[in-house]
Structures are given as C-alpha cells and as structure tokens.
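Take a look at the structure below.
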Amino acid sequence: MKIITLDRVSKRYRLSRLGSRSIREELVRTFAKLRPGHVAEERSDEFYALREVSLQIERGETVGFIGPNGSGKSTLLKLLSRIIYPTSGKIIVNGSVASLIEVGAGFHPELTGRDNIYLYGSIMGMKRAEVRQKFDRIVEFAEMARFLDTPVKHYSSGMYVRLGFAVAAHINPQVLLVDEVLAVGDAAFQSKCQQRIEELRRGGMTIFFVSHDMAAVERLCDRVYFLQQGQVRSVGEPQQVIHDYYNAVLFRHAPTSYSEYSHIEAQLGSGDNGTRAAEIRNVRFLNRDGQEIDTISTGEPLIARIEYTAYQTIEDPVFELLFYSAEGHLHTHYTTAINGEPIPMLQGSGAVEITCEEFGLTPGLFKIDALLVRRGAIDAYDRKPRQYLIKVMPGRKVRGMFYSPHQWRLLPTDEIRQQSDAAAEQRYL
C-alpha cells in the first residue's frame, strides 16, 4: 500500500521580492498574468529547489535521500511535514508524520523540556495520557532527566537533538522524517539513534532518511533516491545509487594528478652532490590481472606498485603508503617496516609491490602519501605528499568505517561441551 505519493511536485523560490522594480511595475506584471493566453516566464530571480519530482513510497519502507548540499533533500522533507507547500504538483500522505529536520523544530523556546514533550505529542494527535505512558521511555532515551524542567531556549544544539529525536521516535507516527540533523549529536548518541531507527524499521514504520553518511544509508535503507539540482537523478538499490552519486558528484571534479594539489615536494635526504640519494618515480595501482586502475570497490584485491630509482646504494630502506580521506584524515598506513620481507639494500631502478587481497577502505576519494626512508631515520630519501589518488566505490557491505574480512560459525553443542570439559580439566591440573 502506498503511504506517500508525490506527483510532479515542484517548489520555486524567489531570491528577492521586488528587486529593482517599483510597486507599480510589479502590479502591472501581476495583472498581465491574469490575461487569457498569457505564457508564464521564468524570472531570473527565481530558482527551483525541487522540479517535477514524482515518487511513491510503500508502507514500512525505509527510504534514503542522498545528494550534494542544495540538491533539494531538506526541501522535500519540509514539504512532507507541511512546513512549506509545493508551488505545483500534488502530495498525498496517508498517515501521521513526525519530523526531525531542524535543530529545535517544533519546540517552544519558553517552555521546559517536559512541557515540550507533551506539546509535541498533542500536535501529533496524541492524548495526554498516551504521552504520559511513554514519557519515562522518552526521557530515558534522551538522557536528559536533569534538564527536563529547564526552558529549552537554554539547551545546546546537542540537547535539542537528543530530546527532539527521543520524542519523534517514541510517539509512533506512521512516517518518520529524519534529516542530517543527527550529525549534531555525539558519536554515542548517533549510534543509539541508528539502533532506534533499525528497531522502528523492524516494527513496520515508514522512514525517510536524509544523510551524507553513505555507510548508514546503505545499512538502513531499502531504497535510495539520488537528488541533484532539485531533480531525481537515480533511484534503486542503495549500493547502485550510492555508486551513481559518487560518480556524478564526488569523482566528477576529482583531480587526476598531484600537480592539481600542490607543487611542493620535500627535498630531504640529499646526497653530497646536492642530488637525491633515491627517488620514488611513480606509484601504480593494479587489479588482480595486473591492469592499471584508479578505481576499486571495497573488498576487492589491490596491488600497489612503487617504482623507485636509487642514485647511490641505499641500505635498510623502508617504503610507506599513507591513505588520507578527502577531509585529510589518515585511514590506513602500509609500511614495509611492519609487514613484508626485509629489504637489505637498493641499487639502481626497480619496484616493490604491496598486495592486499581484500582492500578495506569504504567508498570515497583517497589521497596518498608515498615515502622512502631509512629504517629508524627521521628524514626521508623522498616524500610524495598527497601525490597519488584512488577512488573507492561501494563493494562489500560495511557496517562501520572499514571492511574487515571475517567468518561466523555456529558451534555444535558437543564441541562446546568438549571445550568446557577440557578447560575445566586444565584448571584442575
């Protein structure tokens, strides 16, 4: 059964009301629109937050909406919660809707947290007795009993989110709208909210989930819409739509070489004649078949080949690759100092390879440092900061920040008993 239907919905905004026109000019323009045969023209000071969006959502689905900032995701949720109304098109919602789309939305700043819980419940059509029945669970979830009788105007943004989500997630609406506002909370509360969303999913609630956290979108959602410039660009299984999003947005303007980042190179480890003792010539990424690639999926095999030239004999060298996210956070660090056979010395030109049977990084664009150093030394023979790039697409399903291959198995009862008996016997001895 369809619980939500959007039929060719558009939302248009005016950037300015009058601009440089006088009131008289605006009146003339308005009356001109009423004339028969008038053809509407799109003004230069108007833009569409959503344009001709149609979709149908089944009861009990968890649907994700992804896209760059300004793509229309939050506008869509505001339309569904009736905070704003469409310029054209039709919206049909067959059920009650609770929303958490802005910090503090729906709260009266002068009222206490306690009063706002009852206020929000009454807005959702609940009787006071029904809210009272769920009151303790709401407060326990929000972990804010100490501040319950404080006016919410004194709350921090994190406290707003805690109380807002706790109320919205426990009054059992038929449709729950959740925007990126959850990112305001701390990591522990975000995890708690996602667990609650999973509980609501299993209970049959319809959930609209807007987020830039692709791992959460893939884990929680049955179907995903990719919005860009107010239009639906892709819809379908989470992994495929996330793949489309990365290709269209994240990787579209991705730099292809180090020169687009910086022209700075460390001139460390120079020899007596002013030239480098050794140099990293290139880093290539290869698939299992030895073909050079710049894109890989999570969980696929990866070979990294570091090509070098040693202009003089280099003893006890160490090669390193450091993978940084687009935001500059170090995600993983490969080094021959920890894994691999010791390299006694380098002479002339050659290459070393790092083989990873199941590459663990989750989807994103990663910038890579390459280093050649002497074991235990501070200075590097050569350092290529953020010079190499690799794009990681959705592959193996991941819950968390990193894919780690592992296996589960159910232990037979006899095996458990045997292990327990052996452990007891060992303790006795």
Flag if over 12 foreign heavy atoms under 6.0 Å of CD, Glu358
yes

Is there a donor-acceptor pair under 3.5 Å between the side chain of Lys11 and the backbone N or O of Tyr48?
no

Would you mind writing out the side-chain donor-acceptor pairs for residues 87-94 within the sub-3.5 Å range, not counting sequence neighbours?
residue: Thr87; atom: OG1; partner: Arg12; partner atom: N; Å: 2.7
residue: Asn94; atom: ND2; partner: Lys2; partner atom: O; Å: 3.2

When you check the gap from the basic side-chain N to the acidic O, do Arg281 and Glu279 get nearer than 4.0 Å?
yes

Does one side chain, of Thr298 or Arg396, offer a donor that lies under 3.5 Å from an acceptor on the other?
no

Tightest non-hydrogen contact, residues Val392 and Ser297, listed as CG1-C, 4.4 Å

Would you compute the distance between atom CE of Met144 and atom OG1 of Thr150 and round it to the nearest 0.5 angstrom?
8.0 Å

Donor-acceptor check, side chain of Asp213 to backbone of Ala216, threshold 3.5 angstrom: yes or no?
yes

Just so I know, are the side chains of Ser81 and Ile83 near enough to count as touching, which here means a heavy-atom distance under 4.5 Å?
yes

Under a 3.5 Å cutoff, is there a donor and acceptor pairing between the side chains of Asp244 and Gln240?
yes

Just do the salt bridge (Lys or Arg N to Asp or Glu O under 4.0 Å) check on Arg223 and Glu61 with the steps written out, would you?
CA-CA 8 Å; Arg223 194 154 49 105; Glu61 272 193 296; 2.8 Å; yes

What's the separation between atom NZ in Lys384 and atom CG in Asn282, rounded to the nearest 0.5 Å?
9.5 Å

Does atom CD of Glu307 have more than 12 heavy-atom neighbours from other groups under 6.0 Å away?
yes

Are Ile280 and Ile306 side-chain neighbours, meaning at least one heavy-atom pair lies under 4.5 Å?
yes

If you measure from the Lys or Arg side-chain nitrogens to the Asp or Glu carboxylate oxygens, is any gap between Arg288 and Glu357 under 4.0 Å?
yes

Check whether any side-chain heavy atom of Phe209 sits under 4.5 Å from a side-chain heavy atom of Ile197, and report yes or no.
yes

Salt bridge present between Arg383 and Glu320 (N-O < 4.0 angstrom)
no

Report the distance from atom OG of Ser71 to atom CZ of Arg233, rounding to the nearest 0.5 Å.
10.0 Å

Does any part of the side chain of Thr206, heavy atoms only, come nearer than 4.5 Å to the side chain of Leu176, both counted from C-beta?
no

Closest approach of Ala370 and Val283, non-hydrogen atoms and distance?
CB-CG2, 3.9 Å

A side-chain contact here means heavy atoms from C-beta on lying under 4.5 Å apart; do Met159 and Ser156 qualify?
yes

Do Glu143 and Lys192 make a side-chain contact, defined as non-hydrogen atoms from C-beta onward lying under 4.5 Å apart?
yes

When the aromatic ring centroids of Phe323 and Phe366 are compared, is their separation below 6.0 Å?
no

With a 4.0 Å cut-off, would you call Arg374 and Asp316 a salt bridge?
no

Going from OG on Ser10 to CZ on Arg51, what distance comes out if it is rounded to the nearest 0.5 angstrom?
7.0 Å

For the student: nearest non-hydrogen atoms of Asp369 and Arg386, plus distance:
OD1-N, 2.6 Å

Would you mind reporting whether Leu371 and Val318 have side-chain heavy atoms less than 4.5 Å apart?
no

Check the pair His170, Phe141 against ring-ring contact (aromatic ring centres under 6.0 Å, His included), reporting the backbone distance first and the verdict last.
CA-CA 9 Å; His170 285 83; Phe141 187 93; 5.2 Å; yes

Would you say the side chains of Ser349 and Thr309 form a donor-acceptor pair under 3.5 Å?
yes

Taking the side chain as everything from C-beta on, heavy atoms only, tell me whether Phe285 gets closer than 4.5 Å to Asp294.
no

Among side-chain atoms of Gln347 and Thr313, is any donor-acceptor pair under 3.5 angstrom?
yes

Tyr160 and Arg162 side chains, donor-acceptor separation under 3.5 Å
no

Aromatic ring pairing Tyr308/Phe319, orientation class (parallel under 30°, perpendicular over 60°, tilted between):
tilted

Before accepting this row, confirm whether a basic side-chain N of the pair Arg201/Asp222 lies closer than 4.0 Å to the acidic partner's carboxylate O.
yes

Donor + acceptor pair across side chains of Tyr13, Glu46 (<3.5 Å):
no

